[in-house]
Amino acid sequence: MTAADRCDRCGAQAYVRVVLSAGGELMFCAHHGREHRDALREVASTVHDETQKLSATPASAAPDER
C-alpha cells in the first residue's frame, strides 16, 4: 500500500486492505481496521495488514531514538 491509499471510513492513510469474499475491497486506517477486525474477518477472503509500519523505527533515526 502507498500513502495515497485512504481509509474508506475516515480518509486517513490506509494500513489495512480487505478483499471481500463477495468481490471488491475495503481500505482502513489502523484505528478503523482494529475497530472492525472481527466483522471484517467474517466477510474477507484476504486481509493485508501493514499496521506494523506505524511502530517501525526509521533507519535514519539517531541511535538514542531507536
Inter- and intrachain pairs under salt bridge (charged side-chain N to carboxylate O under 4.0 Å, His left out), touching residues 9-26, at least two apart: Asp5-Arg17, Arg17-Glu25
Side chain to side chain donor-acceptor pair (under 3.5 Å) pairs, two or more places apart, involving residues 32-45: His31-Glu35
Separation of Asp49 CG from Tyr15 OH (nearest 0.5 Å): 11.5 Å
With Asp8 via side-chain hydrogen bond (donor to acceptor under 3.5 Å, both in side chains) - residues at least two apart: none
Co-members of Met1 in a cluster of I, L, V, M, F, W and Y side chains, linked at under 4.5 Å: Met27
Shared-cluster residues of Val47, by chain and number - hydrophobic side chains joined below 4.5 Å: Val16, Val18, Leu20, Leu26, Phe28, Leu40, Val43
Considering all heavy atoms, the nearest Cys10-Cys29 contact: SG-SG, 3.8 Å
